[in-house]
Amino acid sequence: MFDLPFFQGIGLVFDPLNLLMLTLGTFCGVFVGAVPGLNGPMAICMLAPFTLMMPFNAGFIMACGIYCGQLFGGSIAAILFKTPGTEVAAATVIDGYELNRKGQAGKALGTAIAASAIGGLLSLIALVALAPPLAKVALQFGPAEYFSFALLGLAMVSSMAAGSPMKGTLMTVLGLFMSTVGVCSLTGVERFTFGSTQLLSGLSLIPVMIGLYPVAECFTQFKSPTIREATPAAFKTAAQLPTFKELKSLWGTIGRGTLIGTIVGILPGVGGPTAAFTAYGVEVKRSKHPEKFGTGILEGVAAPESANNATSGGAMVPMLTLGIPGSLTTAVMMGLFVIHGLQPGPLMLAKQPEFLYSTFFAMFLSNILMIFAGIFCVKLFVQALRLPNSILYPIIMLISLVGSYSMRNDIFDVWISIAFGVVGYFLQKHNWPLASLIVGLVLGPLVEVSFRSAMLTFDDNVLVFFTRPIAAVFIIGSILSLVWPMISKAIKSRRAATPAGA
Amino acid sequence: MKRAKVVLLACMVGICLIAASFAGVSAAVKPAGFPETPISFVVPFGFGGGFDTFARALCIPARKTVGQQINVVNVGGAGTVKGLIYANDQPADGYTLMGYEASEIIAEVSGKTNLTITEDFVPVMRSVITPCMIFVRKESPFKTWNDLIKYAKKNPGKLICGGTDAGGLFTVAATAIFKNAGVDVKYLSFADDSSRMQTSVLGGHVDCVFDVVSVFAGLVDAGKMRALVVNTPQRMKAYPKVPTLKELKIDTNVPTHWRGIGVKKGTPPERIKFLHDAFYEALQSSVFKAVCADTYMDPVAGYLNGEDFAEFINKERQTYQTTLKDLGFIK
């Protein structure tokens, strides 16, 4: 490993131009991540023509910076304004915004920054140490494995709404149902479109999410404005990085989040939101005090944030070893290769081994730079809190709706956002967990497509989920995670009963 | 050599950008007062896909030949229908270009939209064709196309062919090729997720896949995948060992993969002519040709002028009508 290409790779990143581009890219990434309607793929697409004027490495290293930065950026707006800046920050809203309401925005943001950076760094170490075996893992996943993995994710998030499991489950099912609207991705048949052309492409995640979170929140604020003076304390909020002691207590959460994020990142077609929600669900399951999730605790921020940044290392594995992008952002990054006349893939690695290392170091450094970029951008965004709520919330609503429009340049998405804003307002008023609905929408396509693909591949034989080893492990895991709470309850009550009877 | 190529490309683009600041350097005859403001190029797909790459690459030299800024507008969704509706809502003044692709014909034939790219829009030119191949992984027992067909004939309905769309171009073309070869296969859609399709075929979860060459070129060059057949009339220069459909005696009346440009009906003819000439010149530029070489698009065999393109679209429409009916996608 520590051979010439390794040091050439480091040297490349520390080239002054490349270092400048990396810093620029990271700041740029955090910023576009924080603003709803701007995202990493878009930024890299816009960057593409300019990279033709610089050496390929400088352009690619800048894209690496944007990629890492935007994965964190979304959480700034999620915590401060209940507006997930990117879809991967959807799970961060749950506890992040509650922490903000408790007056601990600085703490939440600091934890998000630390968890993101650690998640990103650890997954990169996994990337460089284990790239070839990890790439094999990606190839082991066929439809049966994808389905059982998605089912495990669903089992994990089922307990997310700890306060009201019944309401949570109902909302998840509603989300799953909503994901079936539109053209069926396996047969091309139209479902629940009511003859409308607009509904052909279904209800996409971002417009729905923008409706349920920021728009609904704005409606709530209109109805019962919380009078908030523009106090200097609010707009002087700075990100407080967690202390060593706090970090120690979050260590397990961040570790599990990183593991989940890295695995999800390797699998094409399973995105950052799935990683974030699954990590959150796992923490709720494992926690000794699950009822505290959703009321604003640091674990609820650290889990999704470490997971979504850890997808970056994972997603690089199939891209660098096989030339297969693991996510939309990496697909756009691969576009950079093409316009520069390079063919990413196994051959490129053989010819330019230093490239793998320079990417690794660029992303590694970017995750460290992100801490500074994060602190800087938080300072920038809290300035918005100088405005009283009566002005701030209409602005948030406007920006969110523009963000909803800009995803596909489609005005219909704005109507979806407004409709879900109304729905979200009433759901929230009656304490129905909105996050569970979003989870259903996130996991729905994966569950459905992989199950039906498996049935087509294996001639409707349901037993494949148990005969294929990887699938069986996930399926048994998901059954256990659903049944275990009941078993442990039964055991406890028996234990409690025995001494009494003796 | 790669480095030289990059530097060359960078220089060329630099020159283009400088040239773009002088209006009227192009040979195309400019109609009076057109274009005065930036032009939009509607891409009926999202960021980063094949069509997006094509449009953005073509717009780099076209900015010079048109003498105006050209903005790529991605209006994806509903199998190109949203893009069509968007472009149809713009005035017919030549300031909005519509990206043409076979999916638009399929959307029309399968009744998803009333807009047709020959009636509501005017075809300006077909710019490129994109060769497609059937691929298997290195470990696959199928060394040649005949191995594959022999197995499929012995085990009807067992062979699984993957593709990215459902009821779209790849579905129709792949199923039609196998049907013309006299075998019955299962088509598995990967729901626009090309990456999952690639890992699935590499992991042996599907037997073969049908896709454009650019997606699998890296894996083929590295020896991890094998191409069995190409759908172009002649063998590709880059892959001279891959036989064509015709050589394998398969009926070649199957849809092909192409990309082109059109404008809304009612656009003044002199503007259409200008846009055609300007984009034709962009098509010949070395910048675009370099991108074509890297992404395996063919601008030479691909080019058709507006009238021929319209005729071609009408022919394709008939192919789709019969194939989609045969395959049971439409009644």
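Note that the structure is a prediction, hence the values are computed from the model and not measured. Below, chain A is the first sequence line, B the second, and so on; all start at residue 1.
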Tell me, side chain or backbone of [X] under 4.5 Å from chain B's heavy atoms, or both, or neither?
X        : result
A/Tyr146 : side chain
A/Glu190 : side chain
A/Pro325 : both

Hey, can you tell me if A/Phe149 and A/Phe474 have their rings parallel, tilted or perpendicular (30° and 60° cut-offs)?
perpendicular

Among A/Thr193, A/Leu322, A/Val449, A/Leu267, residue most engaged with chain B (heavy-atom pairs, under 4.5 Å)
A/Leu322

Top residue by heavy-atom pair count (under 4.5 Å) with chain B, among A/Leu186, A/Ile324, A/Leu200, A/Leu199?
A/Ile324

Do [X] and [Y] have a side chain donor and acceptor closer than 3.5 Å?
X        : Y        : answer
A/Thr330 : A/Ser327 : yes
B/Asp165 : B/Thr171 : yes
A/Asn57  : A/Asn18  : no
A/Ser196 : A/Gln198 : no

Tell me, for [X] versus chain A, whether the close heavy atoms (under 4.5 Å) come from the side chain, the backbone, both or neither.
X        : value
B/Val81  : side chain
B/Tyr187 : backbone
B/Leu202 : both
B/Lys112 : both

Please identify, among [options], the residue contributing the most non-hydrogen atom pairs under 4.5 Å to chain A.
options                              : answer
B/Ala217, B/Ser189, B/Ser214         : B/Ser189
B/Gly83, B/Ala57, B/Ala222, B/Ser195 : B/Ser195
B/Asp193, B/Val206, B/Val201         : B/Asp193

State the CZ-CD1 distance between A/Phe465 and A/Ile470, to the nearest 0.5 angstrom.
14.0 Å

Does atom NZ of B/Lys186 have more than 12 heavy-atom neighbours, drawn from other residues, nucleotides or ligands, at distances under 6.0 Å?
yes

More than 12 heavy atoms of other residues, nucleotides or ligands under 6.0 Å from CG of B/Asn155: is that the case?
yes

